[in-house]
Student: 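One structure follows; several queries about it will come next.
One is the number of the first residue; the rest follow in order along the sequence.
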Amino acid sequence: MLLRNARLVAVTEAVPGLVDVRLDDGRVVEVGTGLGADGSETYDAGGRWLTPGLWDQHVHLGQWTLASARLDLAPARSSADAVAAVRERLAEWPDLPVIGWGHRPTAWPDNPTVSDLDAIDTDQPIVLIAGDGHHGWLNTVALHMLALPTRDSVVSEAEWFMAYGRLSTVLGTDGTGPDAYRRSMEAAAAQGVVGLVDLEFSGGVADWAQRWTDGADLLRIRHACYADGLDDVLARGLRSGDPLDGDPRLTMGPLKIISDGSLNTRTAWCCEPYAEKAVAGAEEGQPNQTPEELRALLGRAAAGGLDVAVHAIGDRAVAEALAAFEDTGARGGIEHVQLTTRDDVRRMARLGVRASVQPAHLLDDRDVTERLWPGRAERCFPLRWMLDDGVDVVLGSDAPVSPLDPWLAIASAVHRSGDDREPWHPEQSITAREALAASTDGWGTVAVGHPGDLVLLDADPLDGASDREHALRLRSFADQVVATWVAGEAAYTRP
């Protein structure tokens, strides 16, 4: 294919004027002016803007695919609010399970309990998933169906992640078949997304290979495994980057390790105690593995040629993860890096450990951070520090915790505010160019040798100062997407 009359977005270096871009065998093979068609299919960009395709480096694709069918509990401000929403859903559909998503009980006056849900007159299972994905609030019917011990509290952290993989026993057909995945990919392509790193809790190599064969093959996918799937990956001899199904667009990703909890559940592992509502006996949060267990996992991954993605939100968890990387020589990155120190940022740069950050989380966690981590907010989401110190920063969403929307992530990194308030610690803001570069999987301004993963835009996303007005434009920039190509094939064309 020959793309004519395009302007190149200056992700790294500027290329003035209109150019033609030739694609062959899924790659960019020529960039210049007045290129001959040579029998190629031609597409006239009409002076629009061409950029490398966008990546979301942290997605739970199965959960995101299910999210549209879930009861939205984000507006709930108490257990009573959530219970009332569940009652309304059951009044409308009394013969269906209730799967909810989005409640954040940290600021509630009461804690959610099983007995609150059991008081609802229903035989249907009720599964309400917290907005950060780190706990499930279930009724006793659902606890039994998921083979969980009876209790009156929520199911959290490792126990919840394991239970999540059994949700199909509650849902029957769980809405995550190949067709549903394909629809999620189509929606992502319409925003200019060409690739996803899938960190879903359940499923393995065989599941993704079958899903791909059955038609969920629109975008590039890197499939991550967890510790319970590591033996299978190593037995198959798979290394990070290896194709899973003979197609280079579907590859093996990293080993994902969840080393601590989250801010909203007060389980993110910190150097100092939480200011309020700390978990008894774990006032600083808590790790999910001992240091020895963490190093053993990184060592096995490194020996098997797998990158590692270590979830670490608290500053103590980040420090321990970096120590494990240093001791084992493992490659990869830290997911979230929500709270850390300047010294550990420099340590990340020295070790070559990547930072995979989800900037939209700072919009949700701004107020709760000030309450639970007072005096530490200047060290939260420290994107400016990381780029200044030479850390490789990549952006993502953590969908469905935040929407699968790369433009929202970019805008949040640039302006650090989602409302009319001033930016939250604007000294940690980065420029639109830096945020875009962190969203293209390492590819700069379109050039020869790049993959044919391209997005055509009506406007230049870098046109404007990094202020509130620019951020507002960026948040709706999906409307500017004209076409998306993956390996030179059309994944989306605007009607």
Student: Do the ring planes of H311 and H336 sit parallel (below 30°), tilted (30 to 60°) or perpendicular (above 60°)?
Tutor: perpendicular
Student: Any chance the side chains of S78 and D110 put a donor and an acceptor closer than 3.5 Å?
Tutor: no
Student: Do other residues, nucleotides or ligands put more than 12 heavy atoms under 6.0 Å from E378 CD?
Tutor: yes
Student: Quick one: do D132 and R104 make a salt bridge, cutoff under 4.0 Å?
Tutor: no
Student: Does the salt bridge (Lys or Arg N to Asp or Glu O under 4.0 Å) test come out yes or no for R222 and D198, once each step is laid out?
Tutor: CA-CA 6 Å; R222 293 184 191 133; D198 184 22; over 6 Å; no
Student: Go through the steps for R211 and D214 under the test salt bridge (Lys or Arg N to Asp or Glu O under 4.0 Å), then give the verdict.
Tutor: CA-CA 5 Å; R211 189 179 296 127; D214 291 341; over 6 Å; no
Student: Do V310 and F325 have side-chain heavy atoms sitting under 4.5 Å apart?
Tutor: yes
Student: Please tell me whether E157 and T267 have a donor and an acceptor in their side chains that are separated by less than 3.5 angstrom.
Tutor: yes
Student: Inspect the contact between D389 and R342 and indicate whether a charged nitrogen and a carboxylate oxygen are less than 4.0 angstrom apart.
Tutor: yes
Student: Is it true that S429 and H415 share a donor-acceptor pair across their side chains at a distance under 3.5 Å?
Tutor: no
Student: Which one of L128, T122, V127, V141 satisfies the side-chain contact (heavy atoms from CB on, under 4.5 Å) criterion with L117?
Tutor: L128
Student: Side chains of Q338 and W373: donor-acceptor distance under 3.5 Å anywhere?
Tutor: no
Student: Is the positively charged end of R346 above the ring of W385, judged by distance under 6.0 angstrom from the centroid and angle within 45° of the axis?
Tutor: no
Student: Identify whether the distance between the nearest side-chain nitrogen and carboxylate oxygen of R182 and D217 falls below 4.0 Å.
Tutor: yes
Student: Among side-chain atoms of D56 and S397, is any donor-acceptor pair under 3.5 angstrom?
Tutor: yes
Student: Check the pair S356 / Q57 against side-chain hydrogen bond (donor to acceptor under 3.5 Å, both in side chains), numbers first and verdict last.
Tutor: CA-CA 7 Å; S356 175; Q57 300 281 347; 5.9 Å; no
Student: Are Y181 and W208 close enough that their ring centres sit under 6.0 Å apart?
Tutor: yes
Student: What do you reckon, are the aromatic ring centroids of H425 and F381 less than 6.0 Å apart?
Tutor: no
Student: With a 4.0 Å cut-off on N to O distance, would you call D81 and R77 a salt bridge?
Tutor: no
Student: Can you find a heavy atom in the side chain of H223 that is under 4.5 Å from one in the side chain of T251?
Tutor: no
Student: So, E434 and T431: side-chain donor and acceptor under 3.5 Å apart, yes or no?
Tutor: yes
Student: Quick check: H60 with F201 (ring centres under 6.0 Å apart)?
Tutor: yes
Student: Given the rule in the side-chain contact (heavy atoms from CB on, under 4.5 Å) test, do L218 and E186 qualify, once you have shown the distances and angles that lead to the verdict?
Tutor: CA-CA 7 Å; L218 187 67; E186 289 169 351; 3.7 Å; yes
Student: Hey, are R300 and D231 close enough for a salt bridge, meaning a charged N less than 4.0 Å from a carboxylate O?
Tutor: yes
Student: Is a side-chain donor-acceptor pair under 3.5 Å present for D152 with S115?
Tutor: yes
Student: Does the Lys NZ or Arg CZ of R266 fall within the cation-pi geometry relative to Y274 - under 6.0 Å from the ring centre and within 45° of the axis?
Tutor: no
Student: H103: what forms a ring-ring contact (aromatic ring centres under 6.0 Å, His included) with it, not counting sequence neighbours?
Tutor: W108, H135, W137
Student: Would you say the side chains of D398 and H58 form a donor-acceptor pair under 3.5 Å?
Tutor: yes
Student: Take atom CG in D123; do more than 12 heavy atoms of anything else shown fall under 6.0 Å from it?
Tutor: no
Student: Check the pair E370, R366 against salt bridge (Lys or Arg N to Asp or Glu O under 4.0 Å), reporting the backbone distance first and the verdict last.
Tutor: CA-CA 7 Å; E370 298 289 358; R366 175 176 183 166; over 6 Å; no
Student: Side-chain donor-acceptor pair under 3.5 Å between D364 and N264, yes or no?
Tutor: no
Student: Who pairs with D242 by salt bridge (Lys or Arg N to Asp or Glu O under 4.0 Å), at least two apart in sequence or on another chain?
Tutor: none
Student: Is a side-chain donor-acceptor pair under 3.5 Å present for D118 with T140?
Tutor: yes
Student: Salt bridge or not for R421 and D367, using N-O below 4.0 Å?
Tutor: yes
Student: Among L199, D232, V233, V205, whose side-chain contact (heavy atoms from CB on, under 4.5 Å) with C225 holds?
Tutor: V233
Student: Is the shortest distance from a Lys or Arg side-chain nitrogen in R416 or E427 to a carboxylate oxygen in the other one below 4.0 Å?
Tutor: no
Student: Can you check side-chain contact (heavy atoms from CB on, under 4.5 Å) on L372 and T106, steps first, answer last?
Tutor: CA-CA 9 Å; L372 299 185; T106 302; 3.6 Å; yes
